[in-house]
Amino acid sequence: MTALLQVNELKKYFPVRGGLLRRVVAQVKAVDGVSFTLGAGRTLGLVGESGCGKSTLGRTILQLQKPSGGQIILEGEDLTAASPERLLEMRREMQIIFQDPFASLSPRRTVAQTIREPLDVHRIGRPAERGRRVEELLQVVGMRPGVMDRYPHEFSGGQRQRIGIARALALNPKLIVADEPVSALDVSVRAQVLNLIARLQREHGIAFLFISHDLSVVEHVSDHVGVMYLGRLVEMAPAKEIYRDPRHPYTQALLSAVPVPDPQRKSQRMVLTGDVPSPMNPPPGCPFHKRCPKVMDLCSQVMPPVIDVGSADKPHRVACHLYS
């Protein structure tokens with residue numbers, strides 16, 4: 001597998017200020033030491049509860065938010081060390097599909113202006129060529145070129161998301177961060193958008209970082225799955241492997257909550273107790289130990305190392321003292 005994106009010990013902390021002088025009194029550790037590799041033309045699904053840092057991780061990788069530490073290497077080049085001019089050039093290789101298809105589109109811009117904006121910013125082609133590119137992109141996402149002069153409020157949620165996808169494709173990127181791309185859509189529309197994303201990946205070889213809280217959606221689109229908890233990756237494995245044999249207790253609890261479409265089969269739900277700790281003041285040791293049904297004394301004292309419990313051809317990494 002050719003590595004397109006390599007993330008090494010990535011951190012994103014948000015300062016908390018207090019007092020009369022508004023000094024930094026604490027740090028919210030939204031992303032705390034995340035590492036993974038994403039191959040060209042592959043999809044990594046990222047799952048976890050709300051507030052675990054999934055969206056922050058995606059935005060930090062794209063440099064929409066500056067990292068507090070670590071490396072983001074795209075095609076062998078460290079984005080964290082790139083100059084502003086070079087970073088602008090590299091943005092052609094990476095784009096984002098936002099969660100809310102209505103909020104991500106300017107109500108004052110037509111469809112043509114929205115999709116053409118990346119081409120204008122990077123000065124690609126002449127005006128006539130940009131217009132033809134917009135028509136081509138609309139056809140790629142299954143829309144008629146005749147809608148170019150219409151505004152976002154004139155479309156349904158699924159159509160708006162298709163416009164957002166067309167905008168993300170405008171520069172022929174190699175990496176797209178899809179941040180909950182179907183969560184705001186009706187169930188009947190989700191399948192259409194997911195099938196569109198899968199088709200575009202097959203035809204154009206785009207790598208996706210697919211962020212979602214819907215485990216059934218992630219299983220459908222992903223080659224590998226990473227599970228985040230309190231800013232850290234606690235498990236990562238091939239999608240089929242992680243759904244067949246989850247190792248981390250948190251992953252097991254998440255999968256036990258997925259509805260089973262069989263009335264004759266009784267699901268064995270693993271109910272977690274307690275609340276998610278604050279990322280501003282995470283507990284010592286394993287961040288999951290206060291809610292873990294398999295907790296040991298060691299869990300509250302030492303941060304578990306990341307251990308590979310898989311095979312050479314199917315690596316399965318888990319951060320849990322049960323396997324150390």
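Just so it is clear, the values below take in all heavy atoms, side chains as well, and ignore hydrogens, waters and symmetry mates.
- Hydrophobic clustering (side-chain heavy atoms under 4.5 Å, transitive across Ile, Leu, Val, Met, Phe, Trp, Tyr) groups V7 together with L64.
- For the side chain to side chain donor-acceptor pair (under 3.5 Å) test, residues two or more places apart in sequence or in another chain that qualify with Q252 are K294.
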Evaluation steps, side chain to side chain donor-acceptor pair (under 3.5 Å), between T251 and E235: CA-CA 8 Å; T251 309; E235 187 166 7; 2.7 Å; yes

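- Proximity of V193 to I165: side-chain heavy atoms (C-beta onward) are separated by under 4.5 Å at one or more points.
- In this pair, Y250 and H248 present their aromatic rings perpendicular. The plane angle is above 60°, beyond the 30 to 60° band.
- Minimum interatomic distance between L4 and A207 (heavy atoms only, all atoms of both residues): CD2-CB, 3.6 Å.
- Inter-residue side-chain proximity for F208 and V177 is flagged as unmet; no heavy-atom pair is nearer than 4.5 Å.
- Ion pair D308/R317 not flagged as a salt bridge, since none of the NZ, NE, NH1 or NH2 atoms sits closer than 4.0 Å to an Asp/Glu carboxylate oxygen.
- Residues V295 and I307 do not share a hydrophobic cluster, clusters being chains of Ile/Leu/Val/Met/Phe/Trp/Tyr side chains in contact below 4.5 Å.
- Contacts classified as side-chain hydrogen bond (donor to acceptor under 3.5 Å, both in side chains) and involving residues 169-179 (residues at least two apart or in different chains) are given here: S55-D179, E75-K174, R133-N172.
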Chi angles and distances behind the salt bridge (charged side-chain N to carboxylate O under 4.0 Å, His left out) call for R291, E49: CA-CA 13 Å; R291 305 175 69 199; E49 294 172 287; 3.2 Å; yes

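- Residue D100 holds its CG atom at 8.5 Å from CD of Q161, rounded to the nearest 0.5 Å.
- Residue pairs meeting the ring-ring contact (aromatic ring centres under 6.0 Å, His included) criterion with at least one partner in residues 41-78, sequence neighbours excluded, do not occur; the list is empty.
- The side-chain heavy atoms of M270 and P293, taken from C-beta on, include a pair separated by under 4.5 Å.
- Residue V16 belongs to a hydrophobic cluster whose other members are F14, V25, V28, M280, with links defined by side-chain heavy atoms closer than 4.5 Å.
- Rounding to the nearest 0.5 Å places CG of L255 at 12.5 Å from CZ of R244.
- Placement of V227 and V276 within a single hydrophobic cluster is found when ILVMFWY residues are connected by side-chain heavy-atom separations under 4.5 Å, directly or transitively.
- In this structure, S278 and L230 have side chains that are not in contact, with every pair of non-hydrogen atoms separated by 4.5 Å or more.
- Applying the under-4.5 Å side-chain rule to Ile, Leu, Val, Met, Phe, Trp and Tyr, the cluster around L171 extends to L119, I124.
- Rounding to the nearest 0.5 Å places CD1 of I242 at 10.5 Å from CZ of R247.
- Between M148 atom CE and Q113 atom CD the span is 10.0 Å, to the nearest 0.5 Å.
- Among all heavy-atom pairs drawn from Q159 and S156, the shortest one is OE1-N, 3.0 Å.
- Test R109, R130, R126 against D120 for salt bridge (charged side-chain N to carboxylate O under 4.0 Å, His left out) and you get one pass: R130.
- Taking 4.5 Å as the limit, every side-chain heavy atom of L79 sits out of range of all side-chain heavy atoms of E93.
- Residues meeting the side chain to side chain donor-acceptor pair (under 3.5 Å) test with D186, sequence neighbours left out: none.
- E77 is linked by a side chain to side chain donor-acceptor pair (under 3.5 Å) to R86, counting only residues two or more places apart in sequence or in another chain.
- For residues 44-88, there are no ring-ring contact (aromatic ring centres under 6.0 Å, His included) pairs, not counting sequence neighbours.
- A pairwise comparison of heavy atoms in I97 and A168 identifies CG1-CB, 4.1 Å as the closest pair.
- Smallest separation of non-hydrogen atoms from L87 and A82: N-CB, 4.3 Å.
- Counting heavy atoms from C-beta outward, P181 and Q99 have side chains that stay 4.5 Å or more apart.
- No chain of hydrophobic side-chain contacts below 4.5 Å, direct or via other Ile, Leu, Val, Met, Phe, Trp or Tyr residues, connects Y243 to V318.
- With hydrogens and angles ignored, the 3.5 Å screen pairs no side-chain donor or acceptor of T43 with any backbone N or O of D223.
- Its side chain outside the 4.5 Å cluster rule for every partner, M303 clusters with none of the Ile, Leu, Val, Met, Phe, Trp and Tyr residues.
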Test log, rule salt bridge (charged side-chain N to carboxylate O under 4.0 Å, His left out), inputs E136 and R132: CA-CA 6 Å; E136 175 188 334; R132 288 193 293 270; over 6 Å; no

Full working for side chain to side chain donor-acceptor pair (under 3.5 Å) between Q65 and T56: CA-CA 8 Å; Q65 295 172 332; T56 301; 4.5 Å; no

Donor-acceptor list for residues 282-289 side chains, cut-off 3.5 Å, not counting sequence neighbours:
| unit_1 | atom_1 | unit_2 | atom_2 | d |
| --- | --- | --- | --- | --- |
| H289 | ND1 | P284 | O | 3.4 |
| H289 | ND1 | C286 | O | 2.8 |

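- Across V189 and G158, no two heavy atoms sit closer than the pair CG1-CA, 3.4 Å.
- Between S212 and K54, the closest heavy-atom pair is O-CE, 3.8 Å.
- The hydrophobic clustering, which links ILVMFWY residues whose side-chain heavy atoms are closer than 4.5 Å, places I115 and V147 together.
- L169 is listed as a side-chain neighbour of I176, based on a closest heavy-atom distance under 4.5 Å.
- Atom CZ of residue R91 and atom CG of residue L74 lie 11.5 Å apart, to the nearest 0.5 angstrom.
- One distance of note links CG of L57 with CZ of R232; it measures 13.0 Å at 0.5 Å rounding.
- Residues satisfying the side chain to side chain donor-acceptor pair (under 3.5 Å) criterion with D214, sequence neighbours excluded, are R190, S216.
- Within the cation-pi definition used here (under 6.0 Å to the ring centroid, within 45° of the axis), R150 qualifies as a partner of F155.
- Evaluation of the ring-ring contact (aromatic ring centres under 6.0 Å, His included) test over residues 296-324, restricted to residues two or more places apart or in two chains, returns none.
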